[in-house]
Amino acid sequence: MVRIRLTPEDRKHYEQTAEGRAYLEYNDKVGGEPIGLMVPTGYPQGVHEMGGVIAVYNECIRRGMTWKELLNYQEPPDDALI
């Protein structure tokens, strides 16, 4: 996966929280977009079941895969009604 290029300002922002620091490590080691809240459902299915966002990032690092691969996440089509 391609690592997301972050500006120094973005890195500083992520470093302020435990979840942000976990994302920085995930992006450095695996690469990929951060896990975000999805409208209208919240986090993608599987995040809460695995123990939260930080737990998902840690498992992704351990397995060397993106969170989308780990959670078998499929992007909804552009024309999906939300």
Side-chain angles (χ1 to χ4, degrees):
M1 187 54 143
V2 176
R3 278 136 186 88
I4 303 297
R5 289 180 166 258
L6 300 170
T7 66
E9 293 82 17
D10 289 337
R11 290 191 77 79
K12 186 174 181 179
H13 172 76
Y14 282 116
E15 289 170 350
Q16 294 179 9
T17 65
E19 187 175 304
R21 290 186 297 275
Y23 170 68
L24 290 173
E25 181 180 4
Y26 163 80
N27 189 43
D28 289 342
K29 294 182 178 177
V30 178
E33 300 172 9
I35 300 171
L37 294 170
M38 307 297 172
V39 175
T41 59
Y43 284 114
Q45 185 174 356
V47 172
H48 291 295
E49 294 81 355
M50 290 191 69
V53 173
I54 293 172
V56 172
Y57 286 142
N58 289 337
E59 187 63 17
C60 289
I61 291 166
R62 188 178 79 72
R63 293 188 188 195
M65 61 179 22
T66 67
W67 67 265
K68 290 181 180 183
E69 293 169 321
L70 179 70
L71 300 177
N72 196 27
Y73 176 77
Q74 302 295 316
E75 294 278 342
D78 290 337
D79 62 349
L81 296 176
I82 300 177

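Heavy atoms from other residues, nucleotides or ligands lying under 6.0 Å from CD of Q45 number 12 at most.
Considering OG1 of T7 and CD of E9, their distance stands at 4.5 Å, rounded to 0.5 Å. Atom CD of E19 sits about 10.5 Å away from atom CZ of R21, to the nearest 0.5 Å. Summarising the geometry, atom CG belonging to N58 is positioned 6.5 Å from atom CD belonging to E25; distances are rounded to the nearest 0.5 Å.
Looking at E59 and R62, a side-chain N of the basic residue comes within less than 4.0 Å of a carboxylate O on the acidic one, giving a salt bridge.
V53 belongs to a hydrophobic cluster whose other members, connected by ILVMFWY side-chain contacts under 4.5 Å either directly or through intermediates, are I4, L6, Y14, Y23, L24, Y26, V30, I35, L37, M38, Y43, V47, M50, V56, Y57, I61, M65, W67, L70, L71, Y73.
Among all heavy-atom pairs drawn from G36 and P44, the shortest one is O-CD, 3.6 Å.
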